[in-house]
Amino acid sequence: MALSPRCGAIRACRRVLERAFSLRKVHSIKDMENTLQLVRNIIPPLSSTKHKGQDGRIGVVGGCQEYTGAPYFAAISALKVGADLSHVFCASAAAPVIKAYSPELIVHPVLFAEGGNEGPLSSNKTFRALSSDSPSAVDEVEKWLPRLHALVVGPGLGRDDVLLRNVQGILEASKARDIPVVIDADGLWLVAQQPALIQGYQKAVLTPNHMEFSRLYDAVLRGPVDSDDRHGSVLRLSQALGNVTVVQKGERDILSNGQQVLVCSQEGSSRRCGGQGDLLSGSLGVLVHWALLAGPEKTNGSSPLLVAAFGACSLTRQCNHQAFQKHGRSTTTSDMIAEVGAAFRKLFET
Ligand SMILES: NC(=O)C1=CN([C@@H]2O[C@H](COP(=O)(O)OP(=O)(O)OC[C@H]3O[C@@H](n4cnc5c(N)ncnc54)[C@H](O)[C@@H]3O)[C@@H](O)[C@H]2O)[C@@H](O)CC1
Ligand SMILES: Nc1ncnc2c1ncn2[C@@H]1O[C@H](COP(=O)(O)OP(=O)(O)OP(=O)(O)O)[C@@H](O)[C@H]1O
Ligand SMILES: [Mg+2]
């Protein structure tokens with residue numbers, strides 16, 4: 001339907017005002033160092049009196065027949081950042097593969113896909129117990145929820161309807177227990193189908209890439225993204241979702257909780273290999289837990305989730321920068337993961 005000139009002018013005026021309003025709240029580059037200091041404040045001290053698990057037990061929900069790298073990258077990144085235990089809840093076809101990548105991950109083959117292309121378990125009673133009529137996939141994960149500090153939902157999940165139904169149940173169970181959730185990749189596909197799943201959940205962080213952001217924005221705000229106003233777009237999406245924290249990844253990462261907008265422009269590189277976003281979401285799982293544990297006094301009144309997200313963005317980009325210095329065009333996400341320790345020390349332990 002064509003807009004009347006008056007209506008169009010009012011909208012344009014509103015857009016200008018909104019932009020000015022959001023820009024006032026935009027984080028300037030000179031604030032980056034102050035925000036990094038807030039990230040440093042939330043990092044728990046290493047101590048000989050702590051027991052295994054205290055610094056983080058993180059779950060990654062993801063991994064299907066096609067994608068085994070993404071959940072591995074997320075889960076191993078959580079460990080490398082400093083979590084004590086990292087679990088992967090995946091489709092059974094993906095489990096042996098993920099286990100073979102790393103003895104450090106605890107892998108649960110509890111999700112299932114339509115048609116039962118689930119590898120070794122597809123014909124046995126475990127798979128039958130997880131048939132689409134059964135809530136067992138959710139039950140299996142729910143058993144672990146009391147022992148987890150945060151969930152990262154989506155890396156390498158795929159978009160199988162039955163599998164996404166499992167994940168919907170897992171998200172509902174996590175919300176009921178007030179467990180923080182980072183939602184990435186195909187988890188965002190699910191949220192775009194059903195925004196009500198995370199609407200208003202204050203312990204959710206969404207980490208869309210360019211395409212995932214457009215899809216979400218369109219689903220929630222029923223219109224295309226204004227590409228000239230990335231800050232305003234992220235602010236508006238967060239507000240429309242009831243102040244859920246949104247991290248739009250890109251040349252500069254834009255972060256908002258609907259009240260504040262932060263920009264992370266930590267130097268990375270021009271190498272864009274797949275899997276970098278998985279490193280970010282896995283790291284964020286740990287940092288969200290640390291930030292919520294530290295509380296708002298350690299973040300100087302800023303949202304703990306925004307501070308955590310800023311930390312994960314800075315760390316991912318610094319890993320990319322360091323890996324690129326060594327490997328140039330052949331840099332892969334595994335090279336970036338090898339840099340997590342040094343990047344963490346450089347940014348947060350100075
Ligand atoms: N080794 C693995 O197992 C990996 C699996 N992955 C999984 O692959 C699945 C699909 O993820 P995708 O990220 O491909 O999601 P989508 O299928 O939504 O595709 C995103 C698309 O957007 C494009 N894009 C990204 N940034 C853009 C920009 N700035 N401007 C224009 N286009 C841009 C990309 O080329 C890609 O085609 C997810 O489950 C994901 O976790 C990825 O995480 C990569 C690594
Ligand atoms: N143009 C860019 N310049 C610099 N850094 C970028 C650029 N685009 C993305 N990044 C960084 O790369 C990381 C991953 O973002 P990206 O958009 O590649 O996620 P993704 O598509 O979800 O990745 P994945 O392949 O893991 O799914 C983020 O830390 C982001 O800051
Ligand atoms: Mg991704």
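Atoms within each ligand, like the ligands themselves, are counted from 1 in listed order.
Short contacts between ligand 1 and Ala185, defined as distances under 4.0 Å to a heavy atom of the residue, involve ligand atoms 38 (C), 40 (C), 41 (O). The distance from ligand 1 to the heavy atoms of Arg215 drops below 4.0 Å at these ligand atoms: 16 (P), 18 (O).
Protein heavy atoms are absent from the 4.0 Å sphere centred on atom 18 (O) of ligand 2. For atom 14 (O) of ligand 1, the nearest protein heavy atom is 4.0 Å or more away. Not a single protein heavy atom sits closer than 4.0 Å to atom 24 (N) of ligand 1. Atom 45 (C) of ligand 1 lies below 4.0 Å from at least one non-hydrogen atom of the protein. Distance screen at 4.0 Å: atom 36 (C) of ligand 1 has no protein heavy-atom neighbour inside the cut-off.
Using a 4.0 Å cut-off between charged nitrogen and carboxylate oxygen, Asp253 and Arg317 count as a salt-bridge pair. Arg159 and Asp186 are joined by a salt bridge, as a carboxylate oxygen and a charged side-chain nitrogen come within less than 4.0 angstrom of each other. No salt bridge links Lys326 with Asp335; every basic N to acidic carboxylate O contact stays at or beyond 4.0 Å.
For Gly250, the heavy-atom gap to ligand 2 drops under 4.0 angstrom. Ligand 1 is approached by Arg159 to a heavy-atom distance shorter than 4.0 Å. Contact analysis puts Pro155 in contact with ligand 1, with a non-hydrogen atom separation below 4.0 angstrom. Ligand 1 does not have Glu66 within reach: every non-hydrogen atom of the residue lies 4.0 Å or more from it.
The shortest N or O to N or O distance between Gly274 and ligand 2 is not below 3.5 Å. Residue contacts with ligand 1: Gly275 is placed with no nitrogen or oxygen under 3.5 Å of a nitrogen or oxygen of the ligand (distance criterion only). For ligand 2, none of its N or O atoms has an N or O atom of Asp184 under 3.5 Å away. Between Glu212 and ligand 2, no N or O atom pair is found at a separation short of 3.5 Å. Between Ala70 and ligand 1, a contact under 3.5 Å exists for at least one N or O pair.
Of all the heavy atoms of His210, none lies under 4.0 Å from any atom of ligand 2, so neither backbone nor side chain is involved. Of all the heavy atoms of Thr316, the ones lying under 4.0 Å from any atom of ligand 2 belong exclusively to the side chain.
Inter-residue side-chain proximity for Arg215 and Met211 is flagged as met; some heavy-atom pair is nearer than 4.5 Å. Side-chain contact check for Ser233 versus Phe213: some heavy-atom pair is nearer than 4.5 Å. When side chains are defined from C-beta on, Asn209 does not count as touching Asp184, because their heavy atoms never get closer than 4.5 Å. Residues Ser302 and Leu38 meet the side-chain proximity criterion, which asks for heavy atoms closer than 4.5 Å. A heavy-atom distance below 4.5 Å is not found between the side chains of His321 and Glu339.
Scanning the protein heavy atoms around atom 42 (C) of ligand 1, the nearest turns out to be Asp278 OD2, 3.9 Å. The protein heavy-atom contact nearest to atom 5 (N) of ligand 2 is Arg272 NH2, 3.3 Å. Residue, atom and distance of the protein heavy atom nearest to atom 24 (P) of ligand 2 are Gly275 N, 3.5 Å.
The 12-atom threshold is not exceeded at NZ of Lys298, counting heavy atoms of other residues, nucleotides or ligands nearer than 6.0 Å.
Residue nearest to atom 28 (C) of ligand 1, selected from His210, Lys249, Arg272: His210 (by heavy-atom distance).
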